[in-house]
There are 2 protein chains.
Amino acid sequence: MSIQHALLTSLLEKPSSGYELANRFDHSIGYFWQATHQQIYRELARMADAGWLLAEHDATGTSRRKKTYHVLEAGRRELARWIAEPGDPGRSDQALLIKLRAEAVLGPLGASQELHRLIALHKTRLQMYRDIEQRDFPAADMDHAQKLRHAVLRMGIKTEENWLAWAKETLPLME
Amino acid sequence: MSIQHALLTSLLEKPSSGYELANRFDHSIGYFWQATHQQIYRELARMADAGWLLAEHDATGTSRRKKTYHVLEAGRRELARWIAEPGDPGRSDQALLIKLRAEAVLGPLGASQELHRLIALHKTRLQMYRDIEQRDFPAADMDHAQKLRHAVLRMGIKTEENWLAWAKETLPLME
DNA sequence: AGTGCCATGTAAATCGTTACATGATTGT
DNA sequence: ACAATCATGTAACGATTTACATGGCACT
């Protein structure tokens with residue numbers, strides 16, 4: 001849904017062609033988001049239609065295949081709007097990472113509120129997992145099957161703890 | 001792709017209707033996988049067609065709406081086959097969790113190999129992130145924008161470290 | 001009689017994946 | 001001349017999401 005915003009951020013960092021973005025997505029942002037080149041070309045075309053991007057045709061000699069996309073003011077506004085927007089739970093963790101990168105280029109625009117919101121959400125979820133752990137997984141007397149199910153829950157707990165530890169580290173960076 | 005195997009596992013734990021599964025997916029497995037009821041109904045119908053499931057029509061009085069699905073031998077075989085299968089990178093972390101739950105019901109069928117494979121994969125990825133950190137993010141002299149980009153990378157690093165810590169905890173459970 | 005939850009489904013629109021296709025540029 | 005890589009796109013298919021639709025059952 002917000003592959004567009006990831007692309008906008010990437011283009012703000014450096015104006016590029018679709019091909020370059022497809023390769024760039026193997027680095028940095030691409031560690032969290034993967035996108036095929038068709039997805040990228042489609043979204044670039046749409047954003048150009050919407051007036052968020054300008055396609056600069058590199059007319060080198062006879063051919064003018066390569067297009068370098070630049071973010072226009074409307075694109076900047078859209079990205080700024082999105083940063084402040086709550087974002088749906090489930091994908092908002094990944095979205096926050098893009099929001100941080102976007103703020104690195106655009107300056108502070110409300111991502112810290114998103115961070116606070118997500119901290120509350122993850123604290124609630126962690127507490128819920130811990131309650132389940134206490135209820136369903138006594139320290140002793142677990143058979144093998146139960147230990148396996150416990151391991152699955154442990155992953156959930158550790159993931160939440162880890163996320164919160166990262167948030168604590170990251171919070172001071174955002175005013 | 002393997003919403004089917006998540007459903008098979010859930011149905012082995014307890015034969016259920018589509019509606020019950022849709023709600024159950026808000027608990028346990030549903031902490032990691034979310035699926036809409038249409039997805040669930042579609043896959044249940046397919047798996048029943050394929051002979052993996054039997055739909056028991058609860059004919060209470062005049063109406064026979066509710067169907068309780070039971071896993072058939074072919075379904076058990078398919079799940080066993082899938083547990084041993086490598087699984088595509090990207091979704092294989094989540095898949096492993098389902099494989100653990102599946103083995104809790106079916107007994108050991110090769111998930112430990114998957115765990116070893118993923119440990120190697122995560123170690124490689126962690127090393128790559130750490131290399132990037134050393135190359136691009138010196139301990140001192142970072143401006144605000146760079147600190148934000150560093151925070152994004154830190155999330156990647158911490159996620160890998162956390163995953164590996166979990167794997168170390170979990171390894172002894174699997175022969 | 002009405003509200004809310006149980007229970008299943010169809011249909012349309014959008015998104016994502018895979019395959020196919022084309023041609024330019026760069027280096028050997 | 002040839003291969004590799006740069007660069008963009010169309011088409012088909014399948015999956016997912018969202019909206020719509022239906023009706024039973026339980027409780028008050």
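Protein chains get the first letters and strands the later ones, always in sequence-line order, with residue 1 at the start of each. Since this is a predicted model, take the numbers as computed values, not measurements.
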Can you tell me which nucleotide in [options] comes closest to the side chain of [X]?
X: A:Thr36; options: C:dT18, D:dT8, C:dC15; value: C:dT18
X: B:Gln39; options: D:dA7, C:dA11, D:dT16; value: D:dT16
X: B:Ser17; options: C:dT8, D:dA7, C:dT17; value: C:dT8
X: A:Arg42; options: D:dA15, D:dA7, C:dC15; value: C:dC15
X: A:Gln38; options: C:dT18, C:dT8, C:dT10; value: C:dT18

Partner residues of A:Trp82 under the ring-ring contact (aromatic ring centres under 6.0 Å, His included) criterion, sequence neighbours left out: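 Partners of A:Trp82 by the ring-ring contact (aromatic ring centres under 6.0 Å, His included) criterion, ordered by chain and then number, come out as A:His5.
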
Listed partners of B:Trp166 passing ring-ring contact (aromatic ring centres under 6.0 Å, His included), at least two apart: B:Trp163

Residue-level proximity of residues 7-14 of chain B to DNA chain D when a heavy atom falls under 4.0 Å: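 Output list: empty, so none.
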
Any pair counted as salt bridge (Lys or Arg N to Asp or Glu O under 4.0 Å), so long as it reaches residues 40-55 of chain B, sequence neighbours left out: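 Found B:Glu43-B:Arg46.
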
Partners meeting side chain to side chain contact (heavy atoms under 4.5 Å, CB included) with A:Tyr19 (sequence neighbours left out):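 In terms of side chain to side chain contact (heavy atoms under 4.5 Å, CB included), with neighbours along the sequence ignored, A:Tyr19 is linked to A:Ser17, A:Asn23, A:Tyr41.
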
Any B:Tyr41 side-chain N or O less than 4.0 Å from OP1/OP2 of C:dG9: no

Distance below 4.0 Å between B:Tyr19 side-chain N/O and C:dT8 OP1 or OP2: no

Gap between atom CG of A:Leu121 and atom CD of A:Glu114 - 0.5 Å precision: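 A:Glu114 CD to A:Leu121 CG: 9.5 Å, rounded to 0.5 Å.
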
N/O donor to acceptor pairs below 3.5 angstrom from side-chain atoms of residues 102-109 of chain A, sequence neighbours left out:
residue, atom, partner, partner atom, Å
A:Glu103, OE2, A:Leu109, N, 2.7
A:Glu103, OE2, A:Gly110, N, 3.1
A:Glu103, OE2, A:Ala111, N, 2.9

